[in-house]
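Encoded as C-alpha cells, the structure appears first; notes follow it.
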Amino acid sequence: MHSTHQLELFPDRSVTLLLFSNVKNAAALRKKAMEGSIEGALINPAMIVDPFQILVAANKAVHLHKMGKMKTRTLYAEIIFSLSPSNNISDAFKKFGISDSDTAVLIVLVVDREKNVNLADIASQVEGEQVPLDELPQLTDTAKVKKIYKVTPQEEKISTLLDSVVCRMSTKDVL
Amino acid sequence: LPGLQLVQQGAEARVYRGLFLGRAAVAKFRIPKRYRHPALEERLSRRRMAQEARSLLRCRRAGIPAPVVYFVDYVTNSIYLEDIVDSITVQDHINSIQRSGSDTSSLLILAEKMGELLARMHDEDLIHGDLTTSNILLRPPTEKLDLVLIDFGLSFISGLPEDKGVDLYVLEKAFLSTHPDTETMFKALLKTYAATSKKSGPVIKRLDEVRLRGRKRSMIG
C-alpha cells in the first residue's frame, strides 16, 4: 500500500510514503505534528503532483540535514520547506502542511536502514482510510499547483507540470 | 558514486549518467582547478553552478526547452539534471546526414529551427556562452527536429547586442570549423534569427563587427 524508495545519494536512508483519504482528525494530527509527537512529515496531497516531487524534496532535506545546513529545525519540517517555491518557512507550512479542514493526508517518513519503523503504529493514529499511492493524482489540485508554483503558459508547452515543479524546488535557493 | 557511469570529461566538468530517484539523470561534477586560490575556486565554482541552474530555470519559464534541474549540491560541486534519453547532438546529426549524402534540405529546416530557438533565448536576454552544435540536442525521433539546449555553465544574463553578437559568433566559428560546407545552413539560421527576434537588428550589426575582430584579422576601420 505504502511505497518506499531508496535515496541513491544516501544509501542508508529510504523514503516511505503513506496516503490516507477520508481523514476525520486532521486537526488533531496537525497538533501532533507541531508537537513532534508523530513520526513523519504530514503533507497536503492536493499540492503533490507525483511521488517524485516528494523524493526530490526529501533528497534535498536529507542532504542539508547531513551538512548541518537546514533552514528549519527538523528533517520533516525541512522536507515541507523544500517542497515550497518560496523561501518563507511559515508560508511553506501553510500551503504544503496539512490544515484542520483537510480530508486527505500524505505522510512521508525517512528511515535509517537499521531502524525498524512501525508503519501500522503511525497509520493507526490517522482516522481515515489508507489508500495506495496511485490514487494520488485524483487528489491533486492541478490549478492550485500551477498557481503556487507560478508555472507560465509558455512553459506548459514544453514541460510536464511535475518537471516545472521540480525545477523550481531545486533552484529555489539559487535565485 | 553509486551506479553512475562516466560519459564524458571536459575541461570544466565530468559528466555521468545514471538513475536519480528513479529517473534517468545526468550528473555534472565540476573539476576543481587547483591552480586557483581555494577561496576564489570555491566562489567561482559556486557562482558558475548557480548561473547554470538559474539559466536553466529561466529558459524553461520562457518556454525554451532545456533539461530539468533535479538537485544542486554545493558541497561536491555537482548538479543533477534530466537526461534527455536517446537524444543525439546536432553535431552528430549533421555529421551523419552529410556522411550518408542524404537530403540536405532537412539541414536547412534544422538551421531555421536553431535560429528561431536562439532568437527566443536572446530575447529573454539569456546568453548561452558556449554555443556549439554539441550543446544542442535533438530529442527522439530525430525527424521531429525537437531541439533542447544544454550546458549553461558559462551562461549569463545580458541585454547587450555585443554579448548576443558574440554568442552567435562563437556558434558560427564552431559551426564552420566542425562542419564543412555549411555556410548556407548558417545563413539560413541567421535569417530566421533576424526574423524571429524583435531586437535582432543591432545584434546582427554587432556580429558583423565582431567578425572583423579576433585572430588573424586586421584591426582597421
Side-chain angles (χ1 to χ4, degrees), chain A residues 3-15 17 49-70 79 82 85 108 110 133 146 149-175, chain B residues 1-5 16-25 27 29 45-76 78-84 117 120-121 123-124 139 144 146-149 152 155 157:
Chain A
S3 77
T4 304
H5 302 262
Q6 198 193 30
L7 294 178
E8 287 91 354
L9 298 180
F10 311 100
D12 54 340
R13 309 283 192 106
S14 55
V15 180
L17 284 79
V49 177
D50 184 280
F52 182 68
Q53 186 182 350
I54 302 283
L55 293 182
V56 169
N59 181 78
K60 190 171 180 186
V62 170
H63 168 77
L64 291 173
H65 176 71
K66 268 206 159 161
M67 297 299 140
K69 290 210 164 124
M70 292 197 300
I79 293 178
S82 299
V108 180
V110 175
L133 260 306
K146 281 189 197 167
Y149 284 99
K150 299 202 181 90
V151 180
T152 66
Q154 311 95 288
E155 193 177 356
E156 285 187 66
K157 291 193 199 142
I158 54 137
S159 171
T160 61
L161 182 58
L162 176 60
D163 283 346
S164 303
V165 162
V166 165
C167 206
R168 276 166 181 72
M169 282 168 55
S170 57
T171 58
K172 165 168 95 171
D173 39 11
V174 135
L175 290 168
Chain B
L1 255 311
L4 290 180
Q5 280 200 337
Y16 294 82
R17 255 208 185 99
L19 284 181
F20 181 73
L21 304 176
R23 281 211 170 180
F29 284 79
S45 249
R46 182 175 275 251
R47 183 174 303 180
R48 290 259 171 90
M49 281 174 59
Q51 293 279 59
E52 182 158 19
R54 218 176 285 147
S55 298
L56 287 168
L57 180 62
R58 213 173 157 111
C59 266
R60 307 191 103 251
R61 275 217 294 246
I64 295 165
V68 181
V69 180
Y70 292 150
F71 179 48
V72 183
D73 181 355
Y74 295 100
V75 173
T76 56
S78 55
I79 185 168
Y80 293 76
L81 307 165
E82 176 190 2
D83 181 9
I84 319 284
L117 191 64
R120 279 164 53 207
M121 184 185 75
D123 277 354
E124 290 297 315
R139 268 191 212 275
K144 276 186 89 185
D146 208 352
L147 300 173
V148 182
L149 289 175
F152 284 81
S155 64
I157 312 275

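Keep in mind the model is a prediction, meaning the values are calculated, not measured. Labels below follow one simple rule: chain letters A, B, ... track the order of the sequence lines, proteins then strands, and each chain is numbered from 1.
For B/Tyr70 and A/Phe52, the ring centers sit closer than 6.0 Å to each other.
For the set A/Lys60, A/His63, A/Lys157, the count of heavy-atom pairs under 4.5 angstrom toward chain B peaks at A/His63. Of the listed residues (B/Ala66, B/Ala50, B/Pro67), the greatest number of heavy-atom pairs within a distance under 4.5 Å of chain A belongs to B/Ala50. When each of B/Leu57, B/Val72, B/Ile64 is scored by its heavy-atom pairs under 4.5 Å with chain A, the top score falls to B/Leu57. When each of A/Leu55, A/Val166, A/Asp163 is scored by its heavy-atom pairs under 4.5 Å with chain B, the top score falls to A/Asp163.
Between B/Tyr80 and A/Val56, the closest side-chain pair of non-hydrogen atoms is not below 4.5 Å. Between A/Arg168 and B/Arg61, some side-chain heavy-atom pair lies under the 4.5 Å cut-off.
For B/Val69 against A/Ser170, the heavy-atom pair with the smallest separation is O-OG, 2.6 Å. Across every non-hydrogen atom of A/Glu8 and B/Leu21, the tightest pair is OE1-N, 2.8 Å.
A/Cys167 SG to B/Arg58 CZ: the interatomic distance, rounded to the nearest 0.5 Å, is 13.5 Å. Within the model, atoms CG of A/Leu9 and OG of B/Ser78 stand 7.5 Å from one another, a figure rounded to the nearest 0.5 Å. Atom CD of A/Glu155 sits about 11.0 Å away from atom SG of B/Cys59, to the nearest 0.5 Å.
Residues A/Ser164 and B/Arg60 bring no donor and acceptor atom of their side chains to less than 3.5 Å of each other.
Contact annotation for A/Ile54: neither backbone nor side-chain heavy atoms come within less than 4.5 Å of a heavy atom of chain B.
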